[in-house]
Protein chains: 2
Amino acid sequence: MKNRITELRAERGWTQAELAQRVSVSRQTINAIETGKFDPSLPVAFRLARVFALRIEEVFVDDQ
Amino acid sequence: MKNRITELRAERGWTQAELAQRVSVSRQTINAIETGKFDPSLPVAFRLARVFALRIEEVFVDDQ
DNA sequence: TCCCGATGTCAAGCGTGCTTTACATGGATC
DNA sequence: GATCCATGTAAAGCACGCTTGACATCGGGA
């Protein structure tokens with residue numbers, strides 16, 4: 001499961017810490033998701049899509 | 001996080017076991033998701049949306 | 001050069017997601 | 001009543017998601 005979070009965050013000029021605050025997780029969690037350590041839970045994925053004003057499928061790419 | 005899996009599955013005439021097979025999880029996992037025991041992981045959510053030919057937001061409803 | 005903000009990473013700890021095995025219940029059919 | 005299928009549930013075990021706290025590195029600006 002890939003994601004476009006680093007790119008989408010950069011477009012908006014947000015730091016990892018800022019994004020973390022917007023979706024109510026720790027900075028380390030955002031970093032781990034961006035660097036592919038693990039996939040977020042479904043609720044966190046929804047919150048991420050929401051702060052980017054995108055659909056989940058536009059943020060996360062299922063590579064089967 | 002609510003979901004419409006029981007309803008969508010019934011529309012298609014699938015049993016929990018059939019759906020489980022289609023998304024490659026155990027029957028107990030489908031049952032637990034339907035009965036609200038826990039939310040699926042993001043990859044399983046993608047597979048569920050895919051077998052229903054719907055977007056994730058049409059299968060899962062984030063109740064903030 | 002010195003500092004500082006941003007990012008990467010590690011460790012310990014805890015709750016969740018998912019598995020297998022197993023058993024209980026209810027409805028339909030015989 | 002006996003059988004069968006679908007569903008619900010439980011326990012044990014393992015891996016993952018997320019936390020806090022801490023430390024390392026890197027680039028930019030004073």
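Bear in mind the structure is a predicted one, so any value in this text is a computation, not a measurement. Labels below follow one simple rule: chain letters A, B, ... track the order of the sequence lines, proteins then strands, and each chain is numbered from 1. Only this structure's heavy atoms are used, side chains among them; waters, hydrogens and symmetry mates stay out.
The two residues B:F46 and A:F60 come nearest to each other via the heavy atoms CZ-O, 3.6 Å. Contact detail for A:V59 and A:F52: the closest heavy-atom pair is CG2-CD1, 4.4 Å.
The side chain of A:R27 sits closest to D:dA22 out of D:dC18, D:dA22, D:dT7. Side-chain proximity of B:F38 to C:dT7, D:dG17, C:dC18: nearest is C:dC18.
When the P atom of D:dG8 is taken as reference, atom CG of B:N31 falls 5 Å away, rounded to whole Å. Whole-Å rounding puts the A:M1 CE to C:dG17 P distance at 15 Å. A straight line from CD of B:Q16 to C1' of D:dC5 spans 12 Å, rounded to a whole angstrom. Here the C1' atom of nucleotide D:dT19 and the CD1 atom of A:I30 are 13 Å apart, to the nearest Å. The CG atom of A:L42 sits 15 Å away from the C1' atom of D:dC18 (whole-angstrom rounding). For the pair A:I5 CD1 and D:dG17 P, the interatomic distance rounds to 13 Å; values are reported in whole Å. Rounded to whole angstrom, the span from the CG atom of B:L19 across to the P atom of D:dG8 amounts to 13 Å. If you measure from atom CD of B:E18 to atom C1' of D:dT7, you get 14 Å, rounded to the nearest angstrom.
Checked for salt-bridge contact, A:E34 and A:R9 meet the test: a charged N lies under 4.0 Å from a carboxylate O.
Residues A:T6 and A:T35 have side chains not in contact (no heavy-atom distance under 4.5 Å, counting atoms from C-beta outward).
Remark: A:E11 engages no residue in a side chain to side chain donor-acceptor pair (under 3.5 Å) (not counting sequence neighbours).
At the phosphate of D:dT19, OP1 or OP2 sits under 4.0 Å from a side-chain N or O atom of A:T29. Between A:S26 and D:dT19 there is a side-chain N or O to OP1 or OP2 distance below 4.0 Å. A:K37 has no side-chain polar atom (N or O) that falls below the 4.0 Å cut-off from OP1 or OP2 of D:dG17. Proximity of B:R9 to the phosphate of D:dT7: a side-chain N or O atom is located under 4.0 Å from OP1 or OP2.
Put simply, the side chain of B:Q28 and the base of C:dT21 share a donor and an acceptor less than 3.5 Å apart.
If you check every strand for non-hydrogen atoms under 4.0 Å, A:T6 touches nothing.
Mapped onto DNA chain D by nearest heavy atom, B:E34 and B:S41 fall at different nucleotides, with B:E34 at the one closer to the 5' end.
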